[in-house]
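Report on one structure; see the data block that follows.
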Amino acid sequence: MHKLLSKDFFNRPTLQVAQELLGKFLVRKIGHRKIFGIITEVEAYIGPKDKASHASRGRTKRTEVMFGKPGYWYVYLIYGMYYCLNIVTEKEHYPAAVLIRSIVTSDSHSNILKNIRIDEVRGPGKVCKYFKIDKRFNAKHANKKTGLWIAAHSPSERASPNKVGREDYGIKISPRQIKRGKRIGVDYAGKWKDKPWRFYVVG
DNA sequence: AGATTGATCCAT
DNA sequence: TGGATCAATCTG
(Lines give C-alpha, C1' and ligand atoms only; values in the text may rest on other atoms or scores of the structure.)
Protein backbone atom coordinates (compact mmCIF):
# COMPACT_ATOMS: atom_id res chain seq x y z
CA MET A 1 0.00 0.00 0.00
CA HIS A 2 1.14 3.46 -0.77
CA LYS A 3 -0.55 5.19 2.12
CA LEU A 4 -1.64 8.34 0.44
CA LEU A 5 -1.74 11.21 2.89
CA SER A 6 -5.28 12.43 3.30
CA LYS A 7 -7.06 15.59 4.30
CA ASP A 8 -6.74 14.68 7.99
CA PHE A 9 -2.98 14.76 7.77
CA PHE A 10 -2.99 18.29 6.39
CA ASN A 11 -5.82 19.57 8.55
CA ARG A 12 -3.46 20.22 11.48
CA PRO A 13 -1.09 22.93 12.69
CA THR A 14 1.16 23.81 9.78
CA LEU A 15 4.42 23.59 11.70
CA GLN A 16 3.59 20.04 12.65
CA VAL A 17 2.58 19.10 9.12
CA ALA A 18 5.74 20.69 7.75
CA GLN A 19 8.05 18.66 9.98
CA GLU A 20 6.17 15.44 9.37
CA LEU A 21 6.37 15.92 5.62
CA LEU A 22 10.11 15.38 5.84
CA GLY A 23 10.76 11.81 4.77
CA LYS A 24 7.44 11.45 2.97
CA PHE A 25 7.21 10.57 -0.71
CA LEU A 26 6.16 13.05 -3.34
CA VAL A 27 4.76 11.04 -6.23
CA ARG A 28 4.00 12.14 -9.78
CA LYS A 29 2.31 9.84 -12.22
CA ILE A 30 2.82 10.54 -15.90
CA GLY A 31 1.09 8.00 -18.10
CA HIS A 32 2.04 4.64 -16.65
CA ARG A 33 5.24 5.92 -15.12
CA LYS A 34 5.77 7.19 -11.65
CA ILE A 35 8.37 9.69 -10.58
CA PHE A 36 8.91 9.98 -6.87
CA GLY A 37 11.16 11.64 -4.36
CA ILE A 38 11.62 11.90 -0.62
CA ILE A 39 10.87 15.32 0.79
CA THR A 40 13.93 16.82 2.49
CA GLU A 41 13.21 20.52 2.83
CA VAL A 42 10.02 22.49 3.46
CA GLU A 43 8.83 25.89 4.60
CA ALA A 44 5.63 26.83 6.42
CA TYR A 45 3.49 29.84 5.53
CA ILE A 46 0.97 30.40 8.25
CA GLY A 47 -2.09 32.54 8.64
CA PRO A 48 -3.37 35.88 7.33
CA LYS A 49 -0.80 37.94 9.27
CA ASP A 50 2.33 36.23 7.97
CA LYS A 51 3.78 38.94 5.73
CA ALA A 52 5.99 36.41 3.99
CA SER A 53 2.89 34.57 2.83
CA HIS A 54 0.98 35.51 -0.29
CA ALA A 55 -2.16 35.17 1.81
CA SER A 56 -1.21 38.24 3.87
CA ARG A 57 -2.74 40.34 1.07
CA GLY A 58 -6.05 38.68 1.70
CA ARG A 59 -8.27 36.58 -0.49
CA THR A 60 -7.51 37.13 -4.14
CA LYS A 61 -7.94 34.97 -7.17
CA ARG A 62 -4.40 33.72 -6.64
CA THR A 63 -4.50 33.17 -2.89
CA GLU A 64 -8.00 31.74 -2.75
CA VAL A 65 -6.67 28.21 -2.70
CA MET A 66 -4.65 28.91 0.46
CA PHE A 67 -7.92 29.78 2.19
CA GLY A 68 -9.47 26.59 0.92
CA LYS A 69 -9.50 23.00 2.05
CA PRO A 70 -6.37 21.23 3.32
CA GLY A 71 -4.71 18.70 1.05
CA TYR A 72 -4.94 20.79 -2.10
CA TRP A 73 -2.05 22.03 -4.21
CA TYR A 74 -1.08 25.67 -4.42
CA VAL A 75 1.18 26.18 -7.44
CA TYR A 76 2.34 29.60 -8.57
CA LEU A 77 4.82 31.05 -11.02
CA ILE A 78 7.65 33.06 -9.54
CA TYR A 79 9.99 35.47 -11.35
CA GLY A 80 8.19 34.62 -14.55
CA MET A 81 10.18 31.43 -14.81
CA TYR A 82 9.82 28.96 -12.00
CA TYR A 83 6.91 27.18 -10.43
CA CYS A 84 6.67 26.54 -6.71
CA LEU A 85 4.68 23.69 -5.18
CA ASN A 86 2.79 24.03 -1.91
CA ILE A 87 0.31 21.83 -0.11
CA VAL A 88 -2.52 23.63 1.69
CA THR A 89 -2.84 23.00 5.42
CA GLU A 90 -5.19 23.68 8.34
CA LYS A 91 -8.91 24.15 8.32
CA GLU A 92 -10.80 25.82 5.51
CA HIS A 93 -10.77 29.63 5.61
CA TYR A 94 -7.49 29.75 7.50
CA PRO A 95 -4.77 30.43 4.91
CA ALA A 96 -1.71 28.26 5.34
CA ALA A 97 0.50 26.00 3.27
CA VAL A 98 3.81 24.18 3.16
CA LEU A 99 6.28 24.91 0.37
CA ILE A 100 8.16 21.85 -0.84
CA ARG A 101 11.71 23.07 -1.40
CA SER A 102 13.84 19.97 -1.88
CA ILE A 103 13.70 16.24 -2.41
CA VAL A 104 16.05 13.35 -2.94
CA THR A 105 15.19 10.99 -5.71
CA SER A 106 15.90 7.42 -6.56
CA ASP A 107 14.55 5.24 -9.32
CA SER A 108 12.85 1.91 -8.71
CA HIS A 109 16.06 -0.01 -9.36
CA SER A 110 17.70 1.63 -6.41
CA ASN A 111 17.51 0.94 -2.76
CA ILE A 112 17.34 4.21 -0.94
CA LEU A 113 18.43 2.82 2.39
CA LYS A 114 21.47 1.27 0.77
CA ASN A 115 22.34 4.70 -0.49
CA ILE A 116 22.66 3.76 -4.13
CA ARG A 117 22.30 6.44 -6.75
CA ILE A 118 20.49 9.18 -4.91
CA ASP A 119 20.03 12.50 -6.64
CA GLU A 120 19.31 15.69 -4.79
CA VAL A 121 16.89 18.21 -6.22
CA ARG A 122 17.38 21.40 -4.23
CA GLY A 123 15.17 24.41 -4.62
CA PRO A 124 11.41 24.74 -5.21
CA GLY A 125 11.80 25.74 -8.85
CA LYS A 126 13.92 22.71 -9.57
CA VAL A 127 11.52 20.39 -7.76
CA CYS A 128 8.72 21.51 -10.08
CA LYS A 129 10.92 21.19 -13.11
CA TYR A 130 11.92 17.66 -12.12
CA PHE A 131 8.33 16.55 -11.52
CA LYS A 132 6.93 18.48 -14.51
CA ILE A 133 4.64 20.50 -12.29
CA ASP A 134 2.98 23.66 -13.56
CA LYS A 135 -0.13 25.75 -12.96
CA ARG A 136 -2.40 22.95 -14.11
CA PHE A 137 -2.04 21.45 -10.64
CA ASN A 138 -3.07 24.60 -8.84
CA ALA A 139 -6.16 24.15 -6.66
CA LYS A 140 -6.27 20.45 -7.47
CA HIS A 141 -6.66 17.83 -4.76
CA ALA A 142 -3.49 15.88 -3.97
CA ASN A 143 -4.58 12.42 -5.01
CA LYS A 144 -3.89 9.74 -7.58
CA LYS A 145 -6.47 11.02 -10.00
CA THR A 146 -4.68 14.35 -10.13
CA GLY A 147 -1.42 12.52 -10.80
CA LEU A 148 0.42 14.26 -7.97
CA TRP A 149 0.21 13.23 -4.35
CA ILE A 150 2.15 12.60 -1.16
CA ALA A 151 2.51 9.15 0.40
CA ALA A 152 4.00 7.74 3.56
CA HIS A 153 5.64 4.94 1.61
CA SER A 154 7.43 4.41 -1.65
CA PRO A 155 5.30 3.69 -4.71
CA SER A 156 7.98 1.35 -6.02
CA GLU A 157 6.48 -1.84 -7.45
CA ARG A 158 9.68 -3.74 -6.93
CA ALA A 159 10.25 -3.43 -3.22
CA SER A 160 8.57 -5.68 -0.68
CA PRO A 161 6.30 -3.98 1.81
CA ASN A 162 6.94 -3.82 5.51
CA LYS A 163 10.48 -5.03 5.46
CA VAL A 164 13.24 -3.12 7.11
CA GLY A 165 15.87 -2.12 4.62
CA ARG A 166 13.41 -1.90 1.77
CA GLU A 167 11.97 1.20 0.22
CA ASP A 168 8.40 0.40 1.13
CA TYR A 169 9.23 0.55 4.77
CA GLY A 170 9.24 4.29 4.43
CA ILE A 171 11.84 6.70 5.63
CA LYS A 172 12.10 7.36 9.31
CA ILE A 173 13.56 10.74 10.06
CA SER A 174 14.80 11.09 13.59
CA PRO A 175 14.33 14.46 15.27
CA ARG A 176 18.09 14.94 15.44
CA GLN A 177 18.26 14.83 11.65
CA ILE A 178 15.86 17.74 11.34
CA LYS A 179 17.25 21.26 11.26
CA ARG A 180 15.23 24.40 11.55
CA GLY A 181 15.94 27.89 10.27
CA LYS A 182 14.64 31.07 8.70
CA ARG A 183 12.73 30.96 5.48
CA ILE A 184 14.52 31.75 2.24
CA GLY A 185 13.88 34.83 0.13
CA VAL A 186 11.46 36.66 2.40
CA ASP A 187 13.58 39.58 3.60
CA TYR A 188 10.75 41.96 2.75
CA ALA A 189 8.49 40.43 5.38
CA GLY A 190 9.39 42.59 8.40
CA LYS A 191 9.23 40.75 11.70
CA TRP A 192 7.98 37.67 9.88
CA LYS A 193 11.18 37.20 7.90
CA ASP A 194 13.02 35.69 10.84
CA LYS A 195 10.41 33.11 11.81
CA PRO A 196 12.17 29.72 11.96
CA TRP A 197 9.64 28.03 9.76
CA ARG A 198 11.98 26.23 7.40
CA PHE A 199 12.77 22.58 8.13
CA TYR A 200 15.32 20.40 6.42
CA VAL A 201 17.00 17.04 6.77
CA VAL A 202 20.73 16.73 7.27
CA GLY A 203 22.85 13.68 6.74
C1' DA B 1 26.52 40.86 -8.15
C1' DG B 2 23.47 40.91 -12.29
C1' DA B 3 20.22 39.16 -15.62
C1' DT B 4 16.36 36.74 -16.51
C1' DT B 5 10.95 36.64 -16.97
C1' DG B 6 5.85 37.30 -16.75
C1' DA B 7 1.78 36.89 -13.54
C1' DT B 8 -0.03 39.48 -9.93
C1' DC B 9 -1.44 43.33 -7.26
C1' DC B 10 -2.34 47.94 -6.27
C1' DA B 11 -2.04 52.74 -7.08
C1' DT B 12 -2.85 55.84 -10.52
C1' DT C 1 -3.75 50.67 -17.33
C1' DG C 2 1.25 51.00 -15.65
C1' DG C 3 4.79 49.73 -12.96
C1' DA C 4 6.88 47.70 -9.01
C1' DT C 5 7.34 43.38 -7.01
C1' DC C 6 8.49 38.68 -6.53
C1' DA C 7 8.30 32.02 -1.36
C1' DA C 8 14.19 31.50 -7.72
C1' DT C 9 18.00 30.09 -10.50
C1' DC C 10 21.96 30.52 -13.42
C1' DT C 11 26.16 32.62 -14.80
C1' DG C 12 29.98 35.14 -13.97
Side-chain angles (χ1 to χ4, degrees), chain A residues 5 9-10 12-24 26 28 35 37-90 93-105 118-142 146 148-150 178-202:
Chain A
L5 299 186
F9 179 89
F10 299 104
R12 292 184 300 147
T14 305
L15 290 179
Q16 191 174 346
V17 173
Q19 291 174 78
E20 291 182 24
L21 278 176
L22 297 175
K24 297 295 191 293
L26 180 60
R28 172 85 163 94
I35 306 172
I38 301 163
I39 296 169
T40 54
E41 183 187 6
V42 297
E43 280 175 0
Y45 290 84
I46 310 171
K49 300 276 183 57
D50 180 4
K51 283 288 185 290
S53 171
H54 296 156
S56 65
R57 298 185 180 273
R59 276 188 195 248
T60 67
K61 189 174 180 183
R62 178 210 215 184
T63 63
E64 184 64 26
V65 62
M66 286 189 73
F67 290 81
K69 293 175 186 164
Y72 281 67
W73 297 116
Y74 169 42
V75 181
Y76 63 90
L77 183 67
I78 189 67
Y79 298 109
M81 278 179 277
Y82 305 104
Y83 291 101
C84 291
L85 177 69
N86 301 251
I87 187 80
V88 174
T89 58
E90 312 221 20
H93 302 127
Y94 183 82
V98 175
L99 171 67
I100 297 174
R101 292 192 57 91
S102 301
I103 59 115
V104 293
T105 184
I118 288 178
D119 297 315
E120 294 180 277
V121 181
R122 293 188 187 174
K126 289 195 284 188
V127 167
C128 284
K129 187 178 177 187
Y130 180 79
F131 285 96
K132 297 181 170 33
I133 293 163
D134 59 30
K135 286 234 74 155
R136 299 194 313 267
F137 290 97
N138 187 51
K140 294 289 198 299
H141 190 33
T146 304
L148 183 65
W149 67 92
I150 300 172
I178 299 178
K179 296 278 189 183
R180 182 173 186 167
K182 298 174 185 177
R183 294 173 293 181
I184 306 291
V186 295
D187 288 347
Y188 57 85
K191 73 171 185 180
W192 298 91
K193 77 178 170 68
D194 294 324
K195 296 283 183 188
W197 290 354
R198 169 175 172 249
F199 301 93
Y200 54 103
V201 179
V202 294

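What you see is a predicted model, and the numbers here were worked out from it, not measured in a lab. Residue numbers start from 1 in every chain, and the chains themselves are labelled A, B, ... in the order their sequence lines are given, proteins ahead of strands.
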- Query: To the nearest angstrom, how far is A:Ile133 atom CD1 from C:dA7 atom P?
  - Reply: 18 Å

- Pair A:His93 + A:Phe67: ring centers closer than 6.0 Å: no

- Item | Donor-acceptor pair, side chain of A:Trp192 and main chain of A:Val186, under 3.5 angstrom | no

- Item | Residue A:Met81, side-chain atoms from C-beta onward, closest of B:dC9, C:dA7, B:dT4 | B:dT4

- Any side-chain donor-acceptor pair under 3.5 Å between A:Thr105 and A:Tyr130? yes

- Message: Check the phosphate of C:dA8 against A:Arg122, side-chain N and O only, distance under 4.0 Å to OP1 or OP2. Yes or no?
- Response: no

- Roughly how many Å is it from CD1 in A:Ile78 to P in C:dA7, rounded to a whole number? 4 Å

- Mapping A:Tyr82 and A:Lys135 onto DNA chain B by nearest heavy atom, which one lands closer to the 5' end? A:Tyr82

- Message: I need the CZ-C1' distance between A:Arg62 and B:dG6, as an integer number of Å.
- Response: 12 Å

- Query: Any donor-acceptor pair under 3.5 Å joining the side chain of A:Tyr76 to the base of C:dA7?
  - Reply: yes

- Message: When you measure from the centre of the six-membered ring of A:Tyr45, is the NZ or CZ of A:Arg183 closer than 6.0 Å and no more than 45° off the axis?
- Response: yes

- Message: Output the rounded distance in Å from OH (A:Tyr188) to P (B:dC9).
- Response: 13 Å

- Note on the structure: Using Watson-Crick geometry (N1-N3 plus N6-O4 or O6-N4) or G-U wobble (N1-O2, O6-N3), each under 3.5 Å, B:dC9 is paired with C:dG3

- Query: Does A:Lys126 make a side-chain N or O approach to OP1 or OP2 of C:dC10 shorter than 4.0 Å?
  - Reply: yes

- Would you indicate which nucleotide in B:dA7, C:dA8, B:dC9 comes nearest to any side-chain atom of A:Leu77? B:dA7

- Item | Nucleotide B:dC9, atom P - distance to CD of A:Glu64 in whole Å | 11 Å

- Task: Please confirm whether the backbone N or O of A:His54 pairs with a side-chain atom of A:Arg57, one donor and one acceptor, at under 3.5 Å?
- Result: no

- Using atom CZ of A:Arg198 as one end and atom C1' of C:dA7 as the other, report the distance to the nearest whole Å. 12 Å

- Message: Quick check for you: among B:dC9, C:dA7, C:dA8, whose closest atom lies nearest to any side-chain atom of A:Tyr79?
- Response: C:dA8

- Task: Can you tell me the distance, in whole Å, between the NZ atom of A:Lys195 and the P atom of C:dA7?
- Result: 18 Å

- Measure the distance from CG on A:Leu99 to C1' on C:dT9 and round it to the nearest whole Å. 14 Å

- Return the stacking result for C:dA7 and A:Tyr45: yes when the ring centres lie under 5.5 Å apart and the planes under 30°, no otherwise. yes

